[in-house]
Amino acid sequence: MTKFADLGINKNILKGISELGFEKAMPVQEEVIPVVLETNRDIVALAQTGTGKTAAFGLPIVQDIEVSKKYPQALILSPTRELCVQIAKDLTAYSKYVDGLKVLPVYGGANIEAQIRALKMGVHVIVATPGRILDLVKRKKANLSKIKTVVLDESDEMLNMGFRDDLNEILESAPDDRRTLLFSATMPKEVAAIAKNYMFNPEEITIGKKNSGAESVRHLYYQVQARDRYLALKRIADMNPDIYAIIFCRTRMETKQVAEWLIKDGYNADALHGDLSQAQRDHVMNRFRLKNMQMLVATDVAARGLDVNELTHVINYNLPDDIEAYTHRSGRTGRAGRTGVSIAIIHSREKHRIREIERKINKSFEKTEVPKGKEVCKKQLFHMIDKMEHVDIDHEQIDSFLPEIYKKLEWLDKEDLIKRFVSLEFNRFLEYYKNAPDLNIPDDRDSGRRDRNRKKDRDKDYKRFFINLGKTQGLNPQRLMGLINESTRDNNIPIGRIDVMKSFSFFEVNKSFTDKILEKLNEANFEGADVSVEIAKDRTSKGGGGRRSENRRSFDERKDNRYGSRRDGDRNKKKSSRRRSDNRRK
Ligand code: AMP
């Protein structure tokens with residue numbers, strides 16, 4: 001690798017970049033820097049994020065600035081606000097020892113007046129999103145007439161984001177004798193068209209190698225119904241018992257909610273979001289760093305200050321709006337010589353976003369099936385058996401008890417012992433996954449048929465009940481769900497279709513809760529009226545009602561508890577104590 005001085009970088013800039021730890025040039029820098037410094041040629045470079053392309057165009061650009069001339073001499077166009085800010089920060093750092101050199105980021109969605117004021121004070125390099133710079137030019141607040149170099153960074157992304165007309169307009173209005181440097185991770189037709197229309201005999205450079213981090217990351221996606229996102233997340237976590245992951249959500253609300261569900265379902269998780277105090281943030285981050293927590297649910301912003309190298313997974317609970325953020329998220333795994341997995345949980349209409357990201361990162365996603373209940377059980381079971389095989393035995397502590405234990409278990413043979421041991425640890429898990437539905441959705445033409453089969457499957461899981469309350473008594477679906485939750489003291493019962501009639505109603509509930517519904521609702525009271533619930537007669541036998549599976553209300557993901565038995569156990573205790581007191585009354 002070449003030294004920067006050998007590429008023609010001057011002393012002041014060398015001083016700046018040596019503080020950043022840049023010693024040798026990266027391949028894209030070796031290729032681009034001499035062309036920019038020594039020739040007037042345009043450049044089309046195929047290079048991705050992480051290859052060092054910012055310094056490849058940034059170093060010769062800052063070196064080329066005539067600081068005494070206080071007007072914009074270079075314009076760098078970039079698709080997002082975050083990138084603009086990052087590039088401006090990088091260029092400012094390169095030129096730390098170049099007196100008076102000013103770099104300004106301008107981007108949409110921020111106060112334009114402040115940007116106008118900053119421009120008035122004189123800047124040499126503008127880093128801009130296309131829409132905003134065009135706006136500033138039209139208001140005559142940004143002067144591009146003396147621009148020597150235009151950089152189109154992440155060109156494919158700018159076009160994906162619909163900036164084509166803006167780019168054309170900017171390139172039309174930039175001086176004819178300027179130089180254009182185009183960078184893109186991919187070369188779709190639209191990017192090639194820009195190169196053809198606005199560049200003259202460009203030098204073509206292809207940088208094949210991505211940074212080593214990105215190479216070691218596998219990208220997977222799981223496609224489920226939007227409402228099944230959380231269930232899919234649980235299965236992923238259950239399939240990976242040693243998971244150490246950041247789960248990225250889009251909003252604070254979502255972050256809080258997902259963490260709450262995970263904690264309630266018995267996972268070792270917590271949330272990191274902007275509503276926490278500094279002390280709370282530090283506490284959560286420390287627990288995670290020390291691996292006292294396996295899953296951290298976070299927003300992009302909140303996770304920024306967290307540097308952990310050993311993540312097994314990065315999970316996109318929801319894909320970020322900005323594709324660049326996906327690269328940052330996934331780059332958090334597969335570091336320091338390890339391999340990592342970046343997972344996106346997407347719903348049926350988000351497939352195009354996967355394709356966009358693939359284009360951007362120049363890597364393919366593997367479509368992955370959400371594991372079925374049985375697979376998860378098998379994985380967990382063998383994980384536990386494996387742990388048993390490798391457990392440390394503290395002879396000092398247990399040896400004295402062993403003779404008595406052997407004696408007590410004498411009547412069991414080896415097979416019996418194993419069966420009992422597995423059941424003891426595992427019954428609740430097996431129970432939870434026993435009727436767990438297939439969460440996968442197809443993305444092909446069969447989807448209609450498979451959807452119907454899925455609905456049929458769900459039909460099999462549900463029991464339909466009659467209740468003696470209807471609109472007249474003030475019942476509506478929300479109040480009925482409230483009644484079910486309150487009277488059973490369980491917010492996790494999967495509720496299906498609800499039909500509220502004038503003076504009675506029907507509702508469906510996962511059939512494993514049949515006894516509980518009958519027992520608890522028949523003890524309940526609604527607005528002073530006694531509640532009476534019974535299993536509904538089969539609609540088809542009465543000849544009415546039509547197809548049962550149509551318009552089924554989905555069951556809510558929250559209603560599916562991981563084990564569903566911890567609190568049931570408590571309730572059973574209550575139930576039996578109530579029975580005991582009933583007996584006493586008798
Ligand atoms: P980029 O592709 O411009 O986003 O750069 C990727 C990362 O590599 C950034 O964190 C840069 O600071 C870093 N970087 C760029 N050039 C060098 C270099 N020559 N030596 C060490 N690190 C570099």
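In listed order, ligands and their atoms are each counted from 1.
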Considering only heavy atoms from C-beta outward, does the side chain of Leu136 approach that of Arg132 to under 4.5 Å? yes
Does any donor atom in the side chain of Glu19 or Tyr97 lie under 3.5 Å from an acceptor atom in the other side chain? yes
Between the side chains of Asn318 and Glu254, is a donor N or O closer than 3.5 angstrom to an acceptor N or O? yes
Apply side-chain contact (heavy atoms from CB on, under 4.5 Å) to Val341 and list each qualifying residue two or more places apart in sequence or on a separate chain. Leu220, His313, Ile343
Which pairs of nitrogen or oxygen atoms, taken one from ligand 1 and one from the protein, are under 3.5 angstrom apart?
unit_1, atom_1, unit_2, atom_2, d
ligand 1, 2 (O), Gly50, N, 2.8
ligand 1, 2 (O), Thr51, N, 3.1
ligand 1, 2 (O), Gly52, N, 2.7
ligand 1, 2 (O), Lys53, N, 3.4
ligand 1, 3 (O), Lys53, N, 3.4
ligand 1, 3 (O), Thr54, N, 3.0
ligand 1, 3 (O), Thr54, OG1, 2.5
ligand 1, 16 (N), Gln29, NE2, 2.7
ligand 1, 19 (N), Lys24, O, 2.8
ligand 1, 19 (N), Gln29, OE1, 3.1

Across all chains, not counting sequence neighbours, the ring-ring contact (aromatic ring centres under 6.0 Å, His included) partners of Tyr244 are Phe288
Could you work out, with ring-ring contact (aromatic ring centres under 6.0 Å, His included) as the rule, every residue matching Phe183, not counting sequence neighbours? Phe57
